Trainee: 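Here you go, one structure.
Note that the structure is a prediction, hence the values are computed from the model and not measured. So you know, we letter chains A, B, ... as the sequences are listed, proteins then strands, and number each from 1.
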Number of protein chains: 2
Amino acid sequence: MTGPEECPPLDDIDRVLVRELVADGRATLAQLAATAGLSVSAVQSRVRRLESRGVVTGYTARINPESVGNMLSAFVAITPLDPSQPDDAPARLEHIPEIESCYSVAGEDSYVLLVHVASARALEGLLQRIRTAADVKTRSTIILHKFYSDRRYIPE
Amino acid sequence: MTGPEECPPLDDIDRVLVRELVADGRATLAQLAATAGLSVSAVQSRVRRLESRGVVTGYTARINPESVGNMLSAFVAITPLDPSQPDDAPARLEHIPEIESCYSVAGEDSYVLLVHVASARALEGLLQRIRTAADVKTRSTIILHKFYSDRRYIPE
DNA sequence: ATTGAAAGAGCTACCGC
DNA sequence: GCGGTAGCTCTTTCAAT
């Protein structure tokens, strides 16, 4: 799991492996070998290759934010207040742990963040920290319900 | 990994385990035991409990969408065209694999989707499918760059 | 709840193809 | 690149505390 390297396109077997690892990040090499119709050794070297090429960038546990006390989630769209200043908002926000994701976007705003907090009160404090840390204005969209997330589409 | 059950609050050791499993979804029980300062067996029963309580809802491989051919990502905000109709848009969109996440939100629109597609041409087709499947209008925000994502904040 | 130990399953490195 | 074996690690289960 070092850095992304060369990237010749994935073959069908690679896609099978990626799909299964997305569905179950703890799938054993034996399981993967069974669905791919290959030996454990062959699957192991393919998975290593997918990791070293940066196709698979890591493994993680999916958690329910509410179960760890984050009762409120929101999208926060941000726009720099002073367009003449160098815009390094993502770097200036990276230390804030409540921010799950940070995207730059083409639209009304410059960036969109996905944040998780304990309460409305906590969101108020977070927005203040975001504004002062990055010198931006914020526009928040409260998430009422997560129907599904973390699905992954592997084409072909 | 059956259904969420009772949920007495997490103690400090549980939070340590959850943090490590989020950072490395394939961490072994031995690794977890080392950082938690417990025996392997004790860690195993705690992890099983976190799973059965729905704190940890599963494990997944993180993948780079571009490396599997999804070169374009976007937020798609949708709003039902006919407010008098029953609104079951999320269910009517669930079969579309390009949709990674679906949230209902409090704001200008009813729902926000995160989608991944191969190209602008593919996005055009996807938007048509979304509109006809759910009888909604769409407002898309193209993602230019993902600075970070999939971070998880475990409070305390 | 936690521990320790024993048995089974999985991972890794190496070798021949 | 694929398959197979050997050695080691990890997981699982269980009795005991």
Trainee: Can you name the residues that form a side chain to side chain contact (heavy atoms under 4.5 Å, CB included) with B:Ala106, not counting sequence neighbours?
Mentor: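 By the side chain to side chain contact (heavy atoms under 4.5 Å, CB included) rule, B:Ala106 matches A:Ile142, A:Leu144.
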
Trainee: Which pairs, with at least one residue in residues 145-156 of chain A and sequence neighbours excluded, count as a side chain to side chain donor-acceptor pair (under 3.5 Å)?
Mentor: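 As it turns out, the side chain to side chain donor-acceptor pair (under 3.5 Å) pairs with a partner in residues 145-156 of chain A, which skip direct neighbours, are A:Arg152-B:Glu100.
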
Trainee: Which residues pass the side chain to side chain contact (heavy atoms under 4.5 Å, CB included) test with A:Ser45, not counting sequence neighbours?
Mentor: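 For A:Ser45, no residue satisfies side chain to side chain contact (heavy atoms under 4.5 Å, CB included) once neighbours in sequence are set aside.
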
Trainee: Determine which pairs satisfy ring pair (Phe, Tyr, Trp, His ring centres under 6.0 Å) with at least one residue from residues 106-144 of chain B, sequence neighbours left out, and list them in order.
Mentor: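 For residues 106-144 of chain B: A:Phe147-B:Tyr111.
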
Trainee: Which pairs of donor and acceptor atoms, one on a side chain in residues 123-130 of chain A, lie under 3.5 Å apart (sequence neighbours left out)?
Mentor:
{"unit_1": "A:Glu124", "atom_1": "OE1", "unit_2": "A:Arg121", "atom_2": "NH1", "d": "3.3"}
{"unit_1": "A:Arg129", "atom_1": "NH2", "unit_2": "A:Glu98", "atom_2": "OE2", "d": "2.9"}

Trainee: Report which part of the nucleic acid B:Ala42 touches: base, sugar-phosphate, or nothing (heavy-atom distance under 4.0 Å, all strands).
Mentor: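 Answer is base: heavy atoms of B:Ala42 come under 4.0 Å of a base.
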
Trainee: Sort and list the pairs that fulfil salt bridge (charged side-chain N to carboxylate O under 4.0 Å, His left out) and have at least one residue in residues 32-47 of chain B, not counting sequence neighbours.
Mentor: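 Checked against salt bridge (charged side-chain N to carboxylate O under 4.0 Å, His left out) - neighbours excluded - the pairs reaching residues 32-47 of chain B are B:Asp11-B:Arg46, B:Asp14-B:Arg46.
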
Trainee: Chain A on DNA chain D: first and last contacting nucleotide, 5' to 3', under 4.0 Å to a heavy atom?
Mentor: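 With heavy atoms of chain A under 4.0 Å away, the range is D:dG1 to D:dT11.
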
Trainee: Using atom types as modelled and distance alone, determine if a side-chain donor or acceptor of B:Arg62 lies under 3.5 Å from a backbone N or O of A:Thr60.
Mentor: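 Between the backbone of A:Thr60 and the side chain of B:Arg62 there is no qualifying donor-acceptor contact (under 3.5 Å).
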
Trainee: Can you list the residues that meet the side chain to side chain contact (heavy atoms under 4.5 Å, CB included) rule with A:Gln31, with sequence neighbours excluded?
Mentor: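 By the side chain to side chain contact (heavy atoms under 4.5 Å, CB included) rule, A:Gln31 matches A:Glu20, A:Asp24, A:Ala27, A:Thr28.
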
Trainee: For every nucleotide of nucleotides 6-17 of chain C, 5' to 3': is a protein heavy atom under 4.0 Å from its base (B), only from its sugar-phosphate (S), or from neither (-)?
Mentor: ----SSBB----

Trainee: Starting from A:Ile143 and following side-chain heavy-atom contacts under 4.5 Å between hydrophobic residues (I, L, V, M, F, W, Y), which residues can be reached?
Mentor: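 So far as hydrophobic clustering goes, A:Ile143 is joined with A:Phe75, A:Tyr103, A:Val105, A:Val112, A:Leu114, B:Phe75, B:Tyr103, B:Val105, B:Val112, B:Leu114, B:Ile143.
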
Trainee: Can you list, by residue number, the residues of residues 16-24 of chain B that have a non-hydrogen atom closer than 4.0 angstrom to DNA chain D?
Mentor: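 Nucleic-acid contacts, sorted: none.
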
Trainee: If the condition is side chain to side chain contact (heavy atoms under 4.5 Å, CB included), which residues does A:Leu81 pass it with, not counting sequence neighbours?
Mentor: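 So A:Leu81 forms a side chain to side chain contact (heavy atoms under 4.5 Å, CB included) with A:Asp135, A:Lys137.
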
